[in-house]
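Scroll down for the structure; my scribbles are underneath it.
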Amino acid sequence: MTIIETPAGWPANEAEALAVQDELRGRVVLDEPGPAPGTGLVTGVDVAYDDARDLVAAAAVVLDARTLTVVEEATAVGRVSFPYVPGLLAFREIPAVLAALGALGEAPGLVVCDGYGQAHPRRFGLASHLGVLTGLPVIGVAKNPFTFTFEEPAEERGASSPLLADGEEVGRALRTRTAVKPVFVSTGHRVTLDNACAHTLHLTPRYRVPETTRHADALCRRALKEAMA
DNA sequence: GCGACAG
DNA sequence: ATCTTGTCGC
């Protein structure tokens with residue numbers, strides 16, 4: 001369990017955060033296919049909060065992409081560095097996520113995070129921001145549609161429908177379990193949307209949300225409780 | 001202007 | 001995200 005340090009020059013308010021998104025947005029890479037699904041390593045990251053005590057805990061869980069077994073885990077705890085503001089989630093989560101990723105003893109491979117990447121009001125959600133700062137391939141799998149409207153995908157697992165913004169497909173509502181509410185996939189950095197959806201399906205052999213986020217979610221909650229005790 | 005809004 | 005009991009289902 002390492003300590004989270006807020007990066008120097010981290011935005012102190014919404015105006016500064018918006019300026020940072022504007023500045024970094026152009027560094028996103030969208031023309032790389034990304035790693036092949038089912039090969040190499042896949043790392044899930046997630047963050048838990050206790051705003052009353054100003055505490056935050058993050059977890060990074062590395063899985064073997066082929067077997068979906070846990071290969072390594074890392075956690076980090078510290079103080080909250082930004083409030084939750086829709087559209088600025090990255091500024092709240094990234095310091096913690098970077099600390100957890102940095103505590104790993106090996107390269108994370110593909111990173112899967114909760115939230116959006118390109119499917120974002122300014123095309124620079126958490127997954128894209130994390131990708132630009134780390135240089136790693138990153139995708140975002142969100143549990144809620146945020147501000148996007150979408151057509152209900154067919155009932156079968158694997159069915160999807162586009163998330164549109166200005167007529168462009170910035171993400172997909174993807175059914176990972178038959179007859180169950182879809183998840184919302186978008187690419188963050190160095191991965192194609194098709195590939196991001198393929199990865200998401202590989203990571204959901206049994207539950208609606210990816211194994212990576214299930215492990216990371218459980219671990220960061222555990223880390224937060226330990227930090228309080 | 002008001003409400004909605006990833007986690 | 002988080003506050004929270006029981007409950008239906010595989």
Side-chain angles (χ1 to χ4, degrees), chain A residues 4 11 14 17-18 20-21 25 28 44-61 75-101 111-132 138-150 157 162-165 170-174 176-189 193 196 200 204-210 212-228:
Chain A
I4 297 166
E14 295 188 26
L18 289 171
V20 169
Q21 291 187 331
R25 182 171 34 191
V28 175
V45 293
D46 195 18
V47 184
Y49 301 90
D50 182 336
D51 287 295
R53 305 188 198 196
D54 190 38
L55 274 179
V56 54
V61 180
T75 58
V77 295
R79 302 291 169 186
V80 175
S81 47
F82 206 87
Y84 171 66
V85 179
L88 299 178
L89 175 66
F91 297 93
R92 180 168 170 79
E93 306 229 322
I94 281 183
V97 170
L98 288 178
L101 284 175
V111 176
V112 180
C113 57
D114 289 25
Y116 286 106
Q118 287 298 288
H120 176 273
R122 291 168 294 281
R123 302 288 191 284
F124 199 67
L126 172 61
S128 292
H129 200 147
L130 183 63
V132 165
V138 184
I139 68 172
V141 181
K143 296 179 284 298
N144 294 292
F146 198 14
T147 61
F148 296 92
T149 56
F150 61 99
R157 162 177 156 88
L163 256 40
L164 302 173
V170 294
R172 263 173 221 160
L174 176 66
T176 54
R177 308 301 305 160
T178 296
V180 173
K181 180 185 196 277
V183 294
F184 304 89
V185 181
S186 62
T187 186
H189 185 62
L193 178 56
T200 302
T204 50
R206 185 177 164 111
Y207 297 100
R208 179 173 86 113
V209 299
T212 38
T213 76
R214 296 185 68 248
H215 281 104
D217 179 77
L219 183 55
C220 68
R221 291 193 201 207
R222 253 181 280 146
L224 182 63
K225 285 190 178 182
E226 287 172 24
M228 292 167 63

Val97(A) and side chain to side chain contact (heavy atoms under 4.5 Å, CB included): which partner among Asp46(A), Val47(A), Leu126(A), Val111(A)? Val47(A)
Closer than 3.5 angstrom, by distance alone: can the side chain of Asp51(A) be matched with the main-chain N or O of Asp54(A) as a donor-acceptor pair? no
Side-chain donor/acceptor of Arg208(A) to backbone N/O of Pro182(A), under 3.5 Å: yes
If you look at every strand shown and take non-hydrogen atoms under 4.0 Å, does Arg206(A) touch a base, only sugar-phosphate, or nothing? nothing
Kindly determine whether Glu93(A) and Tyr84(A) satisfy side chain to side chain donor-acceptor pair (under 3.5 Å), including the steps that lead there. CA-CA 9 Å; Glu93(A) 306 229 322; Tyr84(A) 171 66; over 6 Å; no
Closest non-hydrogen atom pair, Ser186(A) against Val170(A): CB-O, 3.4 Å
Sole residue of Arg214(A), Arg221(A), His215(A) in side-chain hydrogen bond (donor to acceptor under 3.5 Å, both in side chains) with Asp217(A): Arg221(A)
How would nucleotides 2-7 of chain B be written as a contact map, 5' to 3', with B for base contact, S for sugar-phosphate-only contact and - for no contact, using protein heavy atoms under 4.0 Å? ---BBB
Give the first and the last nucleotide of DNA chain C, reading 5' to 3', that has any atom under 4.0 Å from a heavy atom of chain A. dA1(C) to dT2(C)
If you define the side chain from C-beta out and look only at heavy atoms, does anything of Asp114(A) sit under 4.5 Å from Val141(A)? no
Gln21(A)-Arg122(A) side chain donor-acceptor pair, cut-off 3.5 Å: yes
